[in-house]
Structures are given as C-alpha cells and as structure tokens.
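Model, not experiment: these values are computed from the prediction. Here is how names work: the chains are called A, B, and so on, in the same order as the sequence lines, proteins then strands, and each is numbered from 1.
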There are 2 protein chains.
Amino acid sequence: MTLTNSLESRLGYQLRRASAVMMADLGRELAELDLRPAEVTTLLVIADNPDCSQTEVGQALAIKRANMVPIISRLMDRGLVDRRRLDGRSHALTLTDQGRKIADDALARIDRHEARFAELLGRPDSEVLFRCLPVIRAARDVELDA
Amino acid sequence: MTLTNSLESRLGYQLRRASAVMMADLGRELAELDLRPAEVTTLLVIADNPDCSQTEVGQALAIKRANMVPIISRLMDRGLVDRRRLDGRSHALTLTDQGRKIADDALARIDRHEARFAELLGRPDSEVLFRCLPVIRAARDVELDA
DNA sequence: TATTGTTATACTCTATAACTATA
DNA sequence: TATAGTTATAGAGTATAACAATA
C-alpha cells in the first residue's frame with residue numbers, strides 16, 4: 001500500500017518537499033498575525049533597509065515588480081508600512097511603529113520555528129545546508145523581469 | 001543599492017529560494033514535453049507503481065485527493081495514462097505506451113537537470129543534503145486530508 | 001530611452017467543504 | 001461508517017504584457 005517513488009532520490013524533489021514542510025510550519029506560526037509569508041518577508045526587508053524602494057524589495061526577495069504592488073498595498077492599508085515620495089516615480093518605504101512591533105513579533109516567531117528545525121538537524125549538518133543552498137541559488141537565481 | 005536581508009540566515013528562506021531555482025530549471029527542461037511538474041511526478045509514480053490508485057499517488061506526492069482529479073484527467077486526455085475499474089469506487093492506474101515513452105523522456109531530462117546541480121555541489125555535500133532533507137520532511141510531513 | 005509603479009490577466013499549486021456511489 | 005473519486009470554489013504565489021509618469 002505504500003508506493004515506491006523514484007523521485008525520492010532526486011535533490012529537486014527533496015528540496016521541494018522539505019521546503020513545503022517548513023513553509024507549512026511557518027504558516028502556522030504566523031497565522032495569528034494574519035500575515036502571509038510574502039508579506040512577512042517584505043516587512044523584514046523594509047525593516048532591514050529603511051527608505052528602500054518597492055522594486056528593490058522585490059529584487060531582494062525574487063518577487064517581480066508587478067507582484068509587489070498588492071503586497072505593499074495591503075501592508076499600507078494595515079498601517080504597517082509607510083511610504084514617502086522620493087522623486088516623481090519612486091517611493092521610500094519605512095515601517096510604522098505598528099509595523100516595527102509586528103515585524104519584531106514575526107521575527108521572534110520565525111526564530112522559534114527555525115530553532116525547532118535546527119535542533120532536529122544538529123550543528124554540523126546545518127552548516128552544510130547554509131553553505132550548499134546558496135550554491136544552488138547561485139546556479140541561476142530567479143531572474144527578475146525580462 | 002543592494003539591500004541587506006536578515007532572512008538570508010534562515011534555513012526556511014534558503015530552502016525556499018534554492019527550491020525555486022531548481023523548480024525553474026526543471027520547468028525549462030520539461031517545457032518541451034508540455035508537462036507541468038505535478039504532472040511529471042504523477043506520471044513517474046504511476047510508472048513505479050502500476051495499478052496504483054489516484055489517492056495513493058496523492059499520498060506519495062503530498063497532493064490532496066481533490067487536486068489529483070484534474071492532473072489525472074489531463075494525463076488521460078493526452079493518452080498517457082489509462083485506468084481500469086477495480087471495484088465500484090477505485091481505479092487501477094497504468095501508463096500507456098505513449099505514457100511510458102514520455103515518462104522515460106522526462107526522467108532523462110530530470111536526470112540531466114539533477115546532474116547539473118550535483119556537479120555544482122560535489123559528492124560529500126550532496127550526501128549530507130540527501131540525509132538532512134528527509135529529516136526536515138519527517139518533522140511534520142504535509143498532512144493529507146483532514 | 002530606461003525606470004518606477006501600476007493595471008489587468010492568466011496559470012499553477014494548494015486548501016476546504018460537500019456530494020456520489022460504493023464497500 | 002469509512003473510502004475513492006468528484007465538484008466547486010477560494011486562496012496564494014507567480015508570470016506576462018502594456019501603460020502612465022518621470023528621469
């Protein structure tokens with residue numbers, strides 16, 4: 001009744017399944033904040049880079065310009081992000097006080113979630129992962145726009 | 001102009017980005033077959049387990065019963081998968097000759113794609129990944145149905 | 001001309017609830 | 001009652017093309 005699956009020996013498949021498990025776990029951790037993963041990551045990038053632009057956030061997160069629009073829009077509607085005109089076409093993004101509070105809370109939750117998995121893996125293996133995953137990304141990081 | 005991103009030090013984030021890169025690369029490799037990743041994996045599981053049921057394929061791939069329907073449906077429409085009534089409610093899935101040909105082609109492409117990344121990582125690190133990723137999955141593998 | 005933000009739209013995968021017809 | 005397959009529907013992420021305003 002348990003099926004064999006030759007995909008189990010493929011790295012891409014294992015990566016996808018592992019990533020799905022961590023995303024689901026993160027989702028549970030963030031559900032109370034009513035924030036989607038894409039919104040949280042956006043919030044954290046703005047926290048790290050006050051006065052950055054929407055396009056820059058997208059570049060940091062591999063999210064296309066067009067797809068940043070509804071994310072920023074929702075964060076502003078909720079009073080977590082503020083923006084200030086720079087020149088006629090670009091904005092400088094910052095967190096509001098509320099946004100900073102939520103970002104801090106989110107980061108604490110992320111780190112609880114991370115700790116659960118780090119403990120599972122142990123120190124030396126974690127280090128290999130942190131060395132290998134960027135190598136995979138660098139192979140051809142998601143190309144933004146065309 | 002390059003932003004800092006504290007997420008870079010988080011395993012979940014690195015996994016997701018690395019997985020996205022491999023998925024995009026796989027997508028390019030499979031585009032000529034006009035098969036989506038979910039369809040290819042389904043095809044390969046049926047190849048490995050002739051006469052399995054739709055629900056079983058879903059369990060192997062962490063795809064919910066309801067979401068298997070359009071996948072199987074499209075594979076049958078294209079003449080790649082065949083099914084035979086078992087009892088009044090379950091079917092036995094098999095590949096057609098055409099399906100077997102496509103599955104073989106897909107597997108060859110997957111392995112070319114895999115080889116590119118394996119080469120990048122090297123032998124000992126690859127082994128660590130193949131040991132670690134299932135550990136992450138096992139932490140709480142995607143629970144099917146409710 | 002190139003860039004920032006935007007709109008509109010489509011596709012892929014995933015999630016839930018409820019139904020049917022069996023067993 | 002539980003199971004296999006199904007329908008309908010919604011959400012989330014991602015992709016493309018095209019536009020306005022500005023640099």
Side-chain angles (χ1 to χ4, degrees), chain A residues 1 3 12-13 16-17 19-28 30-31 34-42 51-59 61-76 81 83-93 141-146, chain B residues 1 12-13 16-17 19-28 30-31 34-42 51-76 81 83-93 141-146:
Chain A
M1 193 261 189
L3 304 190
Y13 180 76
R16 184 155 157 62
R17 293 292 298 267
S19 171
V21 168
M22 287 200 70
M23 286 290 286
D25 188 73
L26 179 63
R28 277 186 290 271
L30 294 176
D34 188 25
L35 284 174
R36 297 184 268 259
E39 291 168 345
V40 176
T41 52
T42 295
D51 292 334
C52 63
S53 78
Q54 200 164 312
T55 304
E56 285 173 324
V57 175
Q59 282 164 351
L61 295 173
I63 297 174
K64 290 187 196 293
R65 230 160 67 248
N67 295 328
M68 286 302 304
V69 176
I71 296 174
I72 294 293
S73 168
R74 183 150 180 271
L75 292 174
M76 293 206 325
V81 164
R83 69 181 183 184
R84 205 180 72 241
R85 254 209 144 56
L86 276 187
D87 50 38
R89 63 185 176 190
S90 60
H91 300 125
L93 301 170
D141 212 337
V142 176
E143 55 288 320
L144 289 183
D145 282 285
Chain B
M1 192 262 189
Y13 181 76
R16 185 156 157 62
R17 293 292 298 267
S19 171
V21 167
M22 287 200 70
M23 286 289 286
D25 188 73
L26 179 64
R28 277 186 289 271
L30 294 176
D34 188 25
L35 285 174
R36 296 184 270 259
E39 292 168 343
V40 177
T41 53
T42 295
D51 291 334
C52 62
S53 77
Q54 200 164 311
T55 305
E56 285 173 323
V57 175
Q59 283 164 350
L61 295 173
I63 297 173
K64 291 187 194 295
R65 231 159 68 247
N67 295 327
M68 286 303 304
V69 176
I71 296 174
I72 295 293
S73 168
R74 183 150 179 273
L75 292 174
M76 294 206 325
V81 164
R83 71 183 183 182
R84 205 181 73 240
R85 252 204 146 58
L86 277 186
D87 50 38
R89 64 186 176 190
S90 60
H91 300 125
L93 301 170
D141 213 336
V142 176
E143 55 286 321
L144 289 183
D145 283 284

*Looking at C:dT14, C:dT4, D:dA4, which one has an atom nearest to any side-chain atom of B:Thr55?*
D:dA4
*Specify the separation, in whole Å, of atom CD1 of B:Ile71 and atom P of C:dT12.*
11 Å
_Protein-nucleotide distance (A:Ile72, atom CD1; C:dT6, atom C1'), rounded to Å_ = 13 Å
*Please give, in whole Å, the distance from D:dT6 P to B:Ile63 CD1?*
15 Å
_Using whole Å, what does the distance between atom C1' of nucleotide C:dT12 and atom CG of B:Leu35 come to?_
14 Å
*So, do B:Leu75 and B:Thr42 sit near enough that their side-chain heavy atoms are less than 4.5 Å apart?*
yes
_Please report the distance, rounded to the nearest Å, between CD in A:Glu39 and P in D:dG11._
13 Å
*Where the side chain of B:Ser90 is defined as all heavy atoms beyond and including C-beta, which of C:dT16, D:dT14, D:dA4 is the nearest nucleotide?*
D:dA4
*Which nucleotide sits closest to the side chain of B:Ala38: D:dT6, D:dT14, C:dC13?*
C:dC13
*Below 4.5 Å, heavy atoms only, C-beta onward: do A:Arg83 and A:Gln54 meet side chain to side chain?*
yes
*Regarding B:His91 and B:Arg84, is there a side-chain donor-to-acceptor distance under 3.5 Å anywhere?*
no
*Taking only side-chain nitrogens and oxygens of A:Arg36, does any of them come within less than 4.0 Å of OP1 or OP2 of D:dA12?*
yes
*Can you find a heavy atom in the side chain of A:Tyr13 that is under 4.5 Å from one in the side chain of B:Leu26?*
no
*Nucleotide C:dT9, atom P - distance to CZ of A:Arg65 in whole Å*: 19 Å
*asked:* Rounded to whole Å, how long is the line connecting atom NZ of A:Lys64 with atom C1' of C:dT7?
replied: 17 Å
_d(CE, A:Met23; P, C:dT14) in whole Å_ = 12 Å
*Which residue lies toward the 5' end of DNA chain C, A:Arg16 or A:Arg83, if each is placed at its nearest nucleotide?*
A:Arg83
Under 3.5 Å, which donor-acceptor pairs do the side chains of residues 67-74 of chain A form with other protein atoms, sequence neighbours left out?
{"from": "A:Arg74", "atom 1": "NH1", "to": "A:Glu39", "atom 2": "OE1", "distance (Å)": "2.6"}
{"from": "A:Arg74", "atom 1": "NH1", "to": "A:Glu39", "atom 2": "OE2", "distance (Å)": "2.4"}
{"from": "A:Arg74", "atom 1": "NH2", "to": "A:Asp34", "atom 2": "OD2", "distance (Å)": "3.3"}

*Nucleotide nearest A:His91 when distance is taken to its side chain, options C:dG5, D:dA15, D:dT16*: C:dG5
*asked:* For B:Arg65 and B:Gln59, which I'm curious about, is there any donor-acceptor pair between the side chains at under 3.5 Å?
replied: no
Report each atom pair, protein N/O against N/O of nucleotides 20-23 of chain D, whose distance is under 3.5 angstrom.
{"from": "D:dT22", "atom 1": "O3'", "to": "A:Gly88", "atom 2": "N", "distance (Å)": "3.3"}
{"from": "D:dT22", "atom 1": "O2", "to": "A:Arg89", "atom 2": "NH1", "distance (Å)": "2.8"}
{"from": "D:dA23", "atom 1": "OP1", "to": "A:Gly88", "atom 2": "N", "distance (Å)": "2.7"}

*asked:* For A:Leu93 versus A:Ser53, what's the shortest heavy-atom pair and its separation?
replied: CD1-C, 3.9 Å
